[in-house]
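Below is one structure; the comments refer to it alone.
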Amino acid sequence: MGDFLSLFRDELPSVGSGLWVTVQATVLGALLAVAVAFGCGLAAGSRLRVVRWTSRGVVEFFRGTSLYIQLFWLYYAFPLLTGYQFDPLACGVLAFGLNYGAYGSEVVRGALAAVPTPQREAAVALSFTPLQRLYRVLLPQAWPQMIPPFTNLLIQLLKSTPLLWLISVADLTTVIQTLRDRTGETVPAYLTLLALYFVLAWALTAGMRWLERRAAGRLGRTVAPKAGTPVVMSGGRP
């Protein structure tokens with residue numbers, strides 16, 4: 001274990017570089033996934049059949065095929081068909097965004113469908129246009145409901161970043177595995193990976209939890225406490 005820790009300390013710049021690649025892939029992939037999720041989720045409710053069918057086709061394709069295969073096709077097969085080669089990290093971000101965006105679109109569609117009918121009827125009664133109903137009534141009501149499932153998808157996306165090795169991107173896992181190969185010490189290497197990914201996932205969860213509280217607070221709601229936390233009622237008793 002001492003050899004691994006010594007090498008880990010000497011190679012901190014490389015570890016930091018791998019960590020930065022993992023963070024970039026996670027954040028940029030999540031931003032693209034949110035755009036895809038809202039685009040496909042809103043298109044699923046369109047009155048135009050061709051828009052609904054196109055949205056459904058995109059969602060089913062990227063949700064129904066493996067992320068591993070999508071990475072392979074985007075990086076190795078797409079250039080053979082088109083002559084255009086993606087930057088490796090951009091290719092990973094694109095694959096993550098399309099794959100997790102397809103899952104997220106169902107979150108958006110379900111949350112919008114769950115908005116109470118009286119809220120929609122009130123917006124119609126106020127003569128709001130469809131766009132006004134969307135951004136003034138439906139999205140503010142649905143957004144807090146989307147955040148918990150979005151948090152799960154974000155953590156899943158983080159845990160998918162080791163797949164970047166397939167397209168020769170040196171992420172955190174690849175760097176640590178290289179140190180393991182040089183020292184032959186597997187246990188400390190994977191303990192380090194466990195700890196680093198746990199810290200990253202915890203930070204993401206804390207950030208999304210804060211976002212959920214703010215979104216719920218704007219609607220005058222309170223966020224349900226974490227499991228195991230006693231709920232204090234108005235009388236001061238749990």
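Each residue takes its place number in the sequence, starting with 1.
Shown here for Ile167 and Pro88, the closest heavy-atom pair between the two residues is CD1-O, 3.1 Å. Scanning both residues, Ala37 and Gly104, for their nearest heavy atoms gives CB-C, 3.5 Å. For the residue pair Glu212 and Pro144, the shortest heavy atom distance occurs at CG-O, 4.5 Å.
Side chains of Tyr197 and Thr173: a donor-acceptor N/O pair is present below 3.5 angstrom, by distance only. No side-chain donor from either of Asp3 and Ser6 sits under 3.5 Å from a side-chain acceptor of the other. Side-chain polar atoms of Gln177 and Tyr190 form a donor-acceptor pair below 3.5 angstrom.
Taking a cutoff of 4.0 Å between a charged side-chain nitrogen and a carboxylate oxygen, Glu106 and Arg56 qualify as a salt bridge.
Ring-plane geometry between Phe86 and Tyr84 is classed as perpendicular, the angle between the planes exceeding 60 degrees on a 0 to 90 degree scale with a lower cut at 30.
Around OH of Tyr68, the count of heavy atoms belonging to other residues, nucleotides or ligands within 6.0 Å does not exceed 12.
Looking at Leu71 and Tyr75, their side chains never come closer than 4.5 Å, going by heavy atoms from C-beta outward. Side-chain atoms of Val175 and Ser17, non-hydrogen and from C-beta on, never get closer than 4.5 Å to each other. Leu158 places a side-chain heavy atom less than 4.5 Å from the side chain of Leu204. For the pair Leu32 and Tyr100, the minimum side-chain heavy-atom distance is 4.5 Å or more. Contact of the Val15 side chain with the Trp20 side chain is not registered, since no non-hydrogen atoms from C-beta on lie closer than 4.5 Å. The closest side-chain heavy-atom distance from Thr174 to Asp171 is below 4.5 Å. Under the 4.5 Å side-chain criterion, counting only non-hydrogen atoms from C-beta, Leu112 is in contact with Leu139.
Of the possible polar contacts, one joining the Arg52 side chain to the Ser46 backbone as a donor-acceptor pair under 3.5 Å is found. Of the possible polar contacts, none joining the Gln119 side chain to the Val137 backbone as a donor-acceptor pair under 3.5 Å is found. A donor-acceptor pair under 3.5 Å is absent between the side-chain atoms of Ser55 and the main chain of Val51, judged by distance alone. Under a 3.5 Å cut-off, the side chain of Arg63 and the backbone N or O of Tyr103 do not form any donor-acceptor pair.
Considering Leu157, Val21, Ile155, Val93 in turn, Leu157 is the only one that fulfils the side chain to side chain contact (heavy atoms under 4.5 Å, CB included) rule with Thr26. Each of Leu80, Leu81, Thr65 was evaluated against Trp73; a single residue qualifies, Leu81, per the side chain to side chain contact (heavy atoms under 4.5 Å, CB included) test.
Annotation: the span from Leu154 atom CG to Lys159 atom NZ amounts to 11.0 Å, rounded to 0.5 Å.
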